[in-house]
Amino acid sequence: MENQEVEEIKHISVGDWLLTILITIIPFVNIIMLFVWAFSKGTNKSKANWAKASLLWIVISVILATLIIVFFGAVMLGFLESGPDFIDTPSY
């Protein structure tokens, strides 16, 4: 049997998670800390994976929001351009 190296897994306490969630509530600090937790060597693996997944969700959300805004902006612009022209129409 080969000698397998066993990595000891340190669990994150409830207090650590509460502090982590509190930090992610703060605007701008949350994005910076997610990058620190995701790509720092000293971060627990489960917290690093959670931070990477959170960053991916942020990227997906920004892309979807941008697509929705562009789509509805184009629809609204189409309605405005094809609607009745109230300025040039004489009112009798």
Side-chain angles (χ1 to χ4, degrees):
M1 194 189 265
E2 292 183 29
N3 189 8
Q4 296 178 353
E5 186 176 320
V6 178
E7 183 180 324
E8 186 176 327
I9 299 173
K10 182 183 174 230
H11 296 285
I12 301 174
S13 68
V14 173
D16 288 338
W17 278 119
L18 287 173
L19 183 62
T20 300
I21 294 169
L22 178 67
I23 290 172
T24 58
I25 293 172
I26 304 169
F28 300 111
V29 174
N30 56 1
I31 302 295
I32 294 167
M33 288 307 296
L34 283 174
F35 277 105
V36 170
W37 291 326
F39 302 111
S40 175
K41 296 288 183 190
T43 306
N44 186 302
K45 276 198 173 265
S46 63
K47 186 186 261 188
N49 287 336
W50 171 79
K52 290 174 187 174
S54 296
L55 287 170
L56 283 173
W57 275 117
I58 290 170
V59 169
I60 290 169
S61 299
V62 167
I63 290 171
L64 284 176
T66 303
L67 290 174
I68 289 171
I69 289 170
V70 167
F71 174 75
F72 283 112
V75 168
M76 292 304 291
L77 188 61
F79 282 144
L80 290 174
E81 289 180 353
S82 68
D85 190 6
F86 295 109
I87 296 173
D88 295 331
T89 306
S91 57
Y92 293 106

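- The distance from atom CG of Leu67 to atom CZ of Phe72, rounded to the nearest 0.5 Å, is 11.5 Å.
- Within the model, atoms CE of Met33 and OG of Ser40 stand 9.0 Å from one another, a figure rounded to the nearest 0.5 Å.
- The side chain to side chain contact (heavy atoms under 4.5 Å, CB included) test with Leu18 is passed by exactly one of Thr20, Ile21, Leu22, Val14: Val14.
- Note that CD1 of Ile32 and CD1 of Ile23 are 12.0 Å apart. Values are rounded to the nearest 0.5 Å.
- Rounding to the nearest 0.5 Å places NZ of Lys52 at 6.0 Å from CZ of Phe39.
- Expressed to the nearest 0.5 Å, how far CZ of Phe71 lies from CG of Leu64 amounts to 13.5 Å.
- The aromatic rings of Trp17 and Trp50 lie perpendicular to each other, with more than 60° between the two planes, well past the 30° mark.
- Hydrophobic clustering (ILVMFWY, side-chain heavy atoms < 4.5 Å, transitive): Trp37 and Leu56 are in distinct clusters.
- A single hydrophobic cluster is not seen to contain both Phe28 and Phe35; linkage of ILVMFWY side chains at heavy-atom distances under 4.5 Å, directly or through other members, places them apart.
- Taking all atoms of both residues into account, the shortest heavy-atom contact from Ala48 to Thr43 is N-CG2, 3.9 Å.
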